[in-house]
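Each residue takes its place number in the sequence, starting with 1.
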Amino acid sequence: MIKYNHSLTTEFILVGFTDQPDLKALLFVVFSAMYLVTMVGNLGLVALIYMEHRLHTPMYIFLGNLALMDSCCSCAITPKMLENFFSEDRRISLYECMAQFYFLCLAETADCFLLAAMAYDRYVAICRPLQYHTLMSKKLCIQMTTAAYIAGNLHSIVQVGLLLRLTFCGSHQINHFFCDVLPLYRLSCVDPYINELMILILSGFVQTFTITVVLISYFCILFTIFTMKSKEGRGKALSICASHFLSVSIFYGSLLYMYIRPNSFNEGDKDVPVAIFYTLVIPLLNPFIYSLRNKEVINAIKRIMKI
């Protein structure tokens, strides 16, 4: 039996991106700008939907909550990442690490269900417009939104609880810019097989279920669009759906590649580039993809600006 002489780790070092001073300064400026735009865009959208009563519809309620979760994701990761660009030790305690992962897992899981709800809402609006107010009632909208938050919290609690059963000894350097679950598994001196199995089952279920809803909804939407007689209406609907589907594809593609791909628990060198997409790029793009091409949002902004 092998005996460990190392003391158990109660804090970690986030390796981050680079140690080159010039490159660190450049990355700090880039990511600071991204963080500022992300927070202004998402929280601004939340405030706009709250203030403008004409936007109190299921589509915008889902969109507002999506923006709120994107803000949560950015707040959980970016401030510590920016601090570490100029920090000498780049340390993070075990409980800070768990908290960071908890809020990330909450945001990403809730995003999956909110995107599925938005896809279903668009399906009803385009494919069954006469039954929209019956099928997408305010009560159902609140229930779907609440379910997304409950699912996010439950998934986060399970994953963090499973992380706390692990012990970390020896190396305490996390080869990442935040506390993600896969790099932590690689530092464990306890076999993380149960954790790996549970993340495959739970993340696989969340992503498979929500992706199925999204794909079926958009398939029905595209079928309806191509049967439209009006070329103008067809082009408008197709343009909106294409931008939405692009954002959804990048989000789900990066999550699937990160957590469900074969050998995902062993290939640490591929974690950082993929994680940048779903933690930094997607929250930055979502307000623009879902809002700036929407006339109702633009008109609401103009009305607010005139007040």
Side-chain angles (χ1 to χ4, degrees), residues 4-21 23-24 27-28 30-32 34-35 72-109 155-200 202-203 254-255 257-261 263-281 283:
Y4 291 98
N5 294 322
H6 304 288
S7 59
L8 296 181
T9 300
T10 57
E11 61 182 10
F12 302 98
I13 295 176
L14 294 169
V15 173
F17 294 96
T18 181
D19 289 324
Q20 299 180 19
L23 189 55
K24 284 169 68 174
L27 289 174
F28 177 82
V30 171
F31 288 127
S32 294
M34 290 177 66
Y35 180 59
C72 176
C73 179
S74 294
C75 285
I77 292 171
T78 312
K80 186 65 177 179
M81 179 188 69
L82 294 175
E83 176 191 335
N84 286 343
F85 275 117
F86 299 104
S87 174
E88 293 183 1
D89 54 22
R90 293 175 289 188
R91 295 181 184 274
I92 182 169
S93 72
L94 175 63
Y95 293 106
E96 284 179 310
C97 197
M98 296 298 106
Q100 191 179 59
F101 176 70
Y102 176 89
F103 287 107
L104 172 67
C105 186
L106 164 64
E108 301 299 343
T109 305
H155 190 202
S156 300
I157 290 169
V158 171
Q159 294 295 349
V160 171
L162 288 169
L163 276 175
L164 290 174
R165 69 173 281 272
L166 302 178
T167 53
F168 304 95
C169 51
S171 175
H172 57 287
Q173 289 191 341
I174 299 177
N175 189 26
H176 216 306
F177 60 93
F178 67 93
C179 283
D180 200 7
V181 65
L182 299 184
L184 288 171
Y185 289 171
R186 300 183 191 110
L187 297 181
S188 174
C189 50
V190 175
D191 186 2
Y193 172 76
I194 295 176
N195 297 62
E196 294 173 358
L197 181 63
M198 289 302 296
I199 199 172
L200 281 173
L202 295 177
S203 298
S254 57
L255 284 182
Y257 185 81
M258 187 74 176
Y259 297 108
I260 310 299
R261 76 179 191 270
N263 298 321
S264 59
F265 302 105
N266 301 318
E267 297 177 349
D269 57 323
K270 298 180 181 178
D271 289 352
V272 173
V274 179
I276 289 173
F277 274 97
Y278 71 85
T279 59
L280 301 176
V281 176

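Annotation: F17 is in aromatic contact with F31 [ring centroid separation under 6.0 Å].
Atom CG of L187 and atom OG1 of T167 lie 11.5 Å apart (nearest 0.5 Å). For the atom pair CD1 (I199) and NE2 (H155), the distance works out to 6.5 Å, reported to the nearest 0.5 Å. Note that the CD1 atom of I13 and the CZ atom of R90 stand 7.5 Å from one another [nearest 0.5 Å]. Going from atom CZ of F178 over to atom OG1 of T78 covers 10.0 Å, rounded to the nearest 0.5 Å. With values rounded to the nearest 0.5 angstrom, L163 atom CG is found 4.5 Å from M98 atom CE. The structure places CD of E96 at 8.5 Å from SG of C179, a figure rounded to the nearest 0.5 Å.
Minimum interatomic distance between R165 and D191 (heavy atoms only, all atoms of both residues): NH1-O, 3.9 Å. Shortest non-hydrogen contact noted between N175 and V272 is O-CG2, 4.1 Å. Of all the heavy atoms in M198 and L162, the pair that sits closest is CB-CD1, 3.5 Å. The minimum heavy-atom distance linking Y35 with P79 is given by the pair OH-CG, 3.6 Å. Scanning both residues, Y102 and S156, for their nearest heavy atoms gives O-OG, 3.1 Å. Considering all non-hydrogen atoms of both residues, H172 and E11 come closest at CB-O, 3.6 Å.
Heavy atoms from other residues, nucleotides or ligands lying under 6.0 Å from CD1 of I194 number 12 at most. For F86, the CZ atom counts as densely surrounded, since its 6.0 Å shell holds more than 12 non-hydrogen atoms of other residues, nucleotides or ligands.
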Residues F177, L14; criterion side chain to side chain contact (heavy atoms under 4.5 Å, CB included); working and verdict = CA-CA 6 Å; F177 60 93; L14 294 169; over 6 Å; no
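You'll find the side chain of V181 reaches within 4.5 Å of the side chain of F101, heavy atoms only. In this structure, S74 and L280 have side chains that are not in contact, with every pair of non-hydrogen atoms separated by 4.5 Å or more. Y185 places a side-chain heavy atom less than 4.5 Å from the side chain of L166. A 4.5 Å side-chain heavy-atom check between C105 and V160 finds every atom pair outside the cut-off. A heavy-atom distance below 4.5 Å is found between the side chains of I174 and C97.
In this view, E83 and K80 satisfy the salt bridge (charged side-chain N to carboxylate O under 4.0 Å, His left out) rule, not counting sequence neighbours.
Of the possible polar contacts, one joining the Q100 side chain to the A76 backbone as a donor-acceptor pair under 3.5 Å is found.
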